[in-house]
Amino acid sequence: MSQALKSIAENFRIEGEIYSIKPLGEGFINDTYIVQTVGKEASNYLFQRKNKTIFKDVPSMMDNIQKITTHLKTKIVAGGGNPFRETLTLIKTHSGALYHLDGDGEFWTMCLFIKDSISYDSANTPELAYSGGKGIGRFQRMTSDYKGQLVDILPGFHNIRFRLEQWKDVLEKDPVGRKSLVKEEISWIEDRRGEMLKFWTLVEEGAIPTRVTHNDTKINNILFNKQGDVLCMIDLDTVLNSTVLNDFGDAIRSYTNTGLEDDPELENVSMNLEIFKAYTKGYLEEAKSFMVQTELDYLAFSAKYITYEQVLRFLMDYIAGDTYYKIKYPEHNLVRTKAQFKLLQSMEAQFTVMRNTVISYL
Ligand code: ADP
Ligand code: GN1
Ligand code: MG
């Protein structure tokens, strides 16, 4: 175990003696560890070095998380649930802060590790997808009456107008000379910009309302118990006010993919309609009570929107020289781009059925 990591972890109010710190998870952004302790109150903790290049205001991010988890805990307790399993519990430092700033200017945070929980990298069964749909639907329903302010810690995160401005900039700069290698991929973005901007205009004009949203609902950001029922949403770094449709769309992008997000074998990738149906059913059972008609009208479209956005973000990072996402090999962002585009095409081919599925669950 690294003594440097141990001495940082000891700044937090943990129970027991630290005996191990190990890397955890497949996240692309933060560095994540599990801290295990021994002793009378032995426990496990999730310990993270936040990516300060991406999260430019970690203190506000942690305040957002504390506000939302506190709101959720009140509701969970009122409903007879377990507030330490059904949402995250942040662990403060000895001085009462929600993060520790180390000598190198890095931000560290900690929360309780929820024992006997499972996260998946793919949704293998409709039952799991149904449960996941209920999970984000419940998270959104329970936060739909939140009256406090959240800081917009990632301005323009799922705003395609903003993303297309970044895109223009990257294409103009072409910093590593990759633009000429991806002419066809660039046309995928350009061909669809109109319909994507039309959707976002509805959000800008308020026809689609903004609410508390998670903004990173891929399947490994939700915990299940061993029976396959949902426990809670995790990875709350991106909680902010946006449209709930992005949460639905991002989950569909992740759950329904028959291949991997970065599958090099494109024939593996497609949208599994059975998984889509199950997720949508679970989601709407929890969420339709607070949604307005325009949200319901665009629910199926949101899957295409977020998948398009992901194609754009991966391709943009490839052209930019791989500055945002962690990569495992040089062409990784291009492989991700192609796999996500294949998924988008599969959604486009099945879009009528997707819309009819939504209508059938209303
Ligand atoms: P990243 O930002 O790197 O994606 P996450 O917060 O999603 O980090 O954590 C990475 C993985 O660690 C998750 O996919 C999940 O498997 C596990 N995990 C995260 N938080 C908890 C928790 N509180 N309890 C149990 N497991 C967790
Ligand atoms: C990132 O942190 P992680 O791995 O859960 C990214 C998401 C992307 C996702 C693609 C803050 O999520 O927006 O959809 O990768 N998070 C951030 O897998 O950019
Ligand atoms: Mg994560």
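At distances below 3.5 Å, not a single donor-acceptor pair connects side-chain atoms of T143 with backbone N or O atoms of Y146. Listed for the T217 side chain is a donor-acceptor partner under 3.5 Å among the backbone atoms of A251. Of the possible polar contacts, one joining the H71 side chain to the M142 backbone as a donor-acceptor pair under 3.5 Å is found. A donor-acceptor contact shorter than 3.5 Å links the side chain of K342 to the backbone of L266. Judged by distance alone, with hydrogens and angles left aside, the side-chain atoms of Y305 form no donor-acceptor pair with the main-chain N or O of L245 at under 3.5 Å. Judged by distance alone, with hydrogens and angles left aside, the side-chain atoms of S122 form no donor-acceptor pair with the main-chain N or O of N124 at under 3.5 Å. In this structure, Q310 contributes its side chain and I306 its backbone to no donor-acceptor pair below 3.5 Å. Although no hydrogens or angles enter the test, the distance criterion places no donor-acceptor pair under 3.5 Å between the side chain of N159 and the main chain of G156. Side chain of T93 to main chain of H100: no donor-acceptor pair is present (N/O by atom type, distance under 3.5 Å, no hydrogens or angles). A distance-only check finds no donor-acceptor pair linking the side chain of T323 to the backbone of A320 [under 3.5 Å].
The shortest non-hydrogen separation linking I189 to L164 is CG2-CD2, 4.0 Å. Residues V358 and T280 approach most closely at CG2-CG2, 4.0 Å, considering heavy atoms. Nearest heavy-atom pair across S7 and A4 is OG-O, 3.1 Å. Summarising the geometry of G96 relative to K92, their closest heavy-atom pair is O-CD, 3.5 Å, with the distance given to 0.1 Å. Minimum interatomic distance between L90 and Q66 (heavy atoms only, all atoms of both residues): CD1-OE1, 3.4 Å. When all heavy atoms of V77 and P83 are compared, the pair lying nearest together is CG2-CG, 3.7 Å.
Taken from CD1 in I219 to OG in S119, the straight-line distance is 8.5 Å, to the nearest 0.5 Å. Distance check: L343 CG to D263 CG gives 11.0 Å after rounding to the nearest 0.5 Å. Atoms OH and CG, from Y361 and L299 in turn, are 12.0 Å apart once rounded to the nearest 0.5 Å. Here the NZ atom belonging to K67 is positioned 14.5 Å from the CG atom belonging to L236, to the nearest 0.5 angstrom. The structure places CD of Q48 at 9.0 Å from CG of L24, a figure rounded to the nearest 0.5 Å. Rounding to the nearest 0.5 angstrom, the gap separating the CG atom in L223 from the CZ atom in F113 is 7.5 Å.
A side-chain donor-acceptor contact under 3.5 Å links Q350 and S346. For the residue pair N51 / N30, no side-chain donor-acceptor distance below 3.5 Å is found, with atom types taken as modelled. Side-chain atoms of H214 and N246 form no donor-acceptor pair, as typed in the model, at a separation below 3.5 Å. Donor-acceptor pairing under 3.5 Å is recorded for the side chains of D262 and H332. There is a side-chain donor-acceptor pair under 3.5 Å between N215 and T213. With hydrogens and angles left out, the side-chain atoms of K73 and T89 include a donor and acceptor closer than 3.5 Å. Judged by distance alone, the side chains of Q345 and W188 never bring a donor and an acceptor atom under 3.5 Å apart. With hydrogens and angles left out, the side-chain atoms of T258 and S270 include a donor and acceptor closer than 3.5 Å. With no hydrogens or angles considered, no side-chain donor-acceptor pair links E185 and T337 at under 3.5 Å.
Hydrophobic clustering of Ile, Leu, Val, Met, Phe, Trp and Tyr side chains at less than 4.5 Å, counting indirect connections, keeps Y130 apart from F139. One hydrophobic cluster holds both I118 and Y255 under the rule that ILVMFWY side chains link at heavy-atom gaps under 4.5 Å. I222 and F84 are not part of a single hydrophobic cluster, where members link through side-chain heavy atoms under 4.5 Å apart. Residues V176 and Y324 do not share a hydrophobic cluster, defined by chaining ILVMFWY side chains whose heavy atoms lie under 4.5 Å apart. In terms of hydrophobic clustering, with Ile, Leu, Val, Met, Phe, Trp and Tyr side chains grouped at heavy-atom distances under 4.5 Å, I34 and F224 are assigned to different clusters.
Between T109 and L98, every side-chain heavy-atom pair lies at or beyond the 4.5 Å cut-off. Inter-residue side-chain proximity for K75 and D145 is flagged as met; some heavy-atom pair is nearer than 4.5 Å. N268 places none of its side-chain heavy atoms less than 4.5 Å from the side chain of L260. For the pair M62/K50, a side-chain contact is recorded, criterion being any heavy-atom separation below 4.5 Å from C-beta on. Within the 4.5 Å cutoff, no side-chain heavy atoms of Y279 are placed close to those of L284. F47 is listed as a side-chain neighbour of L5, based on a closest heavy-atom distance under 4.5 Å.
The ring of Y99 has its center no closer than 6.0 angstrom to the ring center of W108. For Y45 and F12, the ring centers are positioned 6.0 Å apart or more. When ring centroids are compared, F248 and Y283 come within the 6.0 Å threshold.
Under a 4.0 Å N-O distance rule, the pair K226/D116 qualifies as a salt bridge. Using a 4.0 Å cut-off between charged nitrogen and carboxylate oxygen, R141 and E285 do not count as a salt-bridge pair. Using a cut-off of 4.0 Å between Lys/Arg side-chain N and Asp/Glu carboxylate O, E190 and R193 are scored as salt-bridged. K173 and D169 are joined by a salt bridge, as a carboxylate oxygen and a charged side-chain nitrogen come within less than 4.0 angstrom of each other. Look at K52 and E106 and you find a salt bridge, because one of the NZ, NE, NH1 or NH2 atoms lies within 4.0 Å of a carboxylate O, short of that distance. Ion pairing between R211 and D247 fails under the 4.0 Å rule for side-chain N and carboxylate O. E15 has no carboxylate O lying under 4.0 Å from a charged side-chain N of K40, or vice versa, which leaves the two without a salt bridge. Ion pairing between D174 and K179 fails under the 4.0 Å rule for side-chain N and carboxylate O.
No option in V239, T238, D237, L154 other than D237 meets the side-chain contact (heavy atoms from CB on, under 4.5 Å) test with M61. Tested against F314 for a ring pair (Phe, Tyr, Trp, His ring centres under 6.0 Å), the candidates Y325, Y308, W167 yield a single pass: Y325. Just one of E309, R253, R313 meets the side-chain hydrogen bond (donor to acceptor under 3.5 Å, both in side chains) condition when paired with Q340; it is R253.
Note on ring orientation: taking the six-membered ring where Trp is involved, the planes of Y298 and F301 are perpendicular (angle over 60°, cut-offs 30° and 60°).
Residue E17 places its CD atom among 12 or fewer non-hydrogen atoms of other residues, nucleotides or ligands, all under 6.0 Å distant. More than 12 heavy atoms of other residues, nucleotides or ligands lie within 6.0 Å of CD in Q293, so this atom counts as buried by the packing criterion. In the displayed structure, R178 atom CZ is contacted under 6.0 Å by more than 12 heavy atoms of other residues, nucleotides or ligands. Annotation for K183: atom NZ does not count as buried by contact number, only 12 or fewer foreign heavy atoms lying within 6.0 Å.
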Can R161 and T201 be said to form a side-chain hydrogen bond (donor to acceptor under 3.5 Å, both in side chains), step by step? CA-CA 9 Å; R161 198 179 303 284; T201 305; 3.2 Å; yes
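Both tests hold for R336 against F28: distance to the six-membered ring centre under 6.0 Å, angle to the ring axis within 45°.
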